[in-house]
Amino acid sequence: VQLQASGGGLVQAGDSLRLSCAGAGRTTRSNFMGWFRQAPGKEREFVARIAWRNGIRYYADSVKGRFTISRDGARNTVDLQMNSLKLEDTALYYCAESAWGGTEVADYHTWGQGTQVTVSS
């Protein structure tokens, strides 16, 4: 299974951007899909996850109220709608797949290649 993240770009603070991850939810271990991000010089951090079957969502405090994760079972995609973007949202964003959920990198067994989001002032 390959995950393919797309949708990144250069935007201004306050703008919106929508990321998409293709190839989601295709195996018996695809119980949860998550988005992580990694800024230069920092560790990869959890952003949001969604349970593939029932759609229950969970967000990092830093993005709660601004970002929305969603899934499309027919298209096998997981999207991340990012609104009110801030400078500190600048990072390489990854989608990932997990059998049991969680918020740690080690909880996820399959990763996409990352898509760059740059927020300028």
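Under the 4.5 Å side-chain contact rule for hydrophobic residues, M82 and V63 share a cluster. A continuous path of Ile, Leu, Val, Met, Phe, Trp and Tyr side chains, each step under 4.5 Å between heavy atoms, connects V47 with M33, placing both in one hydrophobic cluster.
The shortest distance between side-chain heavy atoms of T103 and R49 falls below 4.5 Å. Looking at N76 and W52, their side chains come closer than 4.5 Å, going by heavy atoms from C-beta outward.
Here the straight-line distance linking atom CG of L87 with atom OG of S121 works out to 5.5 Å at 0.5 Å rounding. Between atom CG of residue N54 and atom CZ of residue R71 there is a gap of 7.0 Å, rounded to the nearest 0.5 Å. Atom CZ of R66 is separated from atom OG of S16 by 10.0 Å, given to the nearest 0.5 angstrom. The OH atom of Y93 lies 4.0 Å from the CZ atom of F67; values are rounded to the nearest 0.5 Å. Rounding to the nearest 0.5 angstrom, the gap separating the CG atom in L92 from the OG1 atom in T115 is 7.5 Å.
Side-chain atoms of T118 never come within 3.5 Å of backbone atoms of T90 as a donor-acceptor pair (strictly under, hydrogens ignored).
D79 and Q81 share no side-chain donor-acceptor pair at under 3.5 Å.
With respect to K64 and D61, a salt bridge is recorded, a charged nitrogen being found less than 4.0 Å from a carboxylate O.
Among the candidates F46, F36, Y94, the single residue satisfying the side chain to side chain contact (heavy atoms under 4.5 Å, CB included) test with V105 is F36.
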